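For reference, the structure is listed below as structure tokens.
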Amino acid sequence: MCESSDHLITSELLSGFKACNLCPHKCGVDRTGNKTGVCNASSQVKIARAALHYWEEPPISGENGSGAVFFSHCTLKCIFCQNKAISQGGFGSYISLERLSEIYLELQDKGAHNINLVSPSQYVYAIVPTVKYAREKSLHIPIVYNSSGYEREETLDLLRDTVNVWLPDYKYTDDKLARNLSRAPGYSSVALKAIETMLKQVEQHGGRIVDNGIMKQGIIVRHLVLPGHEDDSMNVLSTLWNAFGNRIDVSIMSQYTPPSNCEELNSEPSLLKPLEHDMYEAVLDWADMLGFENLWWQEGDAVGESFIPEFDLSGVFAPEHKKVEA
Ligand code: SF4
């Protein structure tokens, strides 16, 4: 971490990054030096975009949009990732923790319903003090933690007083798929335990709160249906139903977009095509049959690449600063 003048850098934060075990990969590397772990992130926060975002679930995006902060790097390596340029390519710019706090406040000033931390897991030590500092200034909108679900309980405990709305994925029940498609060993049980921990926090804070259609506190578990793997999608829903019933919201997504030029997909030919509408309908029917009441789904066909936001460093720099690094 090179911005030693940043007053939000605490000894606690530095000691966490010096032996990083934030996620289930438990790399144990010193990210403050020139080592990195599976996520490839250093200890200095790097982001690719901070802007209003309108394509989340209605209780997250509302009319005004969600204040999305897209963090660079990721703890998973999904071969079909839509945001590969930032998640695996590491596109983005380094910013100070003070600047990150300012960004939250700028998004709030733009009318965002919440601050939506997208792919934040590798920066949790840094996120906690930035939210605290922004709250002390004037941040009053909810913090949304938008993650892959591949989280350690110990890390989620650090976020107890920081996060208001949890937006985790539950991608697979089949661990072989999780390993092959996302390089995430043990994903099924790890993510299920993480969702249980998130839900426990929500319930300890008084449970789900939705005000004027916007979620202020709660948990929405997301699942992206993958072409050719609809059976696992149904298992995902059954597992969630058996574990949590209607204590969680569930969002079933159809927006799978086959990436272009991805040789890794040659071993997974079903992922070379978009999801068929009938298969998506079958998964939705299964969710309905199970009895989910707070269920979100997507209309129309698979979302095209045009719906992926442009990662152009929008909102990353203070207005008076020039872009210095990408
Ligand atoms: S956050 Fe990155 S360095 Fe830390 S344990 Fe996870 S993958 Fe490894």
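Atoms within a ligand are numbered from 1 in the order they appear, just like the ligands themselves. All of these numbers come straight from a predicted model, not from anything done at the bench.
Near Arg31, with a cut-off below 4.0 Å to any heavy atom, the atoms of ligand 1 are 1 (S), 3 (S), 4 (Fe).
Closest approach of Arg135 and Leu139 over heavy atoms only: NH1-O, 3.4 Å. Across all their heavy atoms, Leu22 and Tyr123 have their closest contact at CD1-N, 4.3 Å.
In summary, Glu106 and Arg99 engage in a salt bridge, as defined by a charged side-chain N under 4.0 Å from a carboxylate O.
Around atom 6 (Fe) of ligand 1, the protein atoms of type N, O or S found under 2.8 Å away are Cys23 SG, listed by chain and number.
A perpendicular orientation is assigned to the rings of Phe70 and His53, their planes being inclined by more than 60° (bins at 30° and 60°).
When the options Ser233, Ser182, Ser188 are evaluated for a side chain to side chain donor-acceptor pair (under 3.5 Å) with Tyr172, the one that passes is Ser182.
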Determine, stepwise, if the pair Val128 / Glu12 fulfils side chain to side chain contact (heavy atoms under 4.5 Å, CB included). CA-CA 11 Å; Val128 171; Glu12 198 183 3; over 6 Å; no
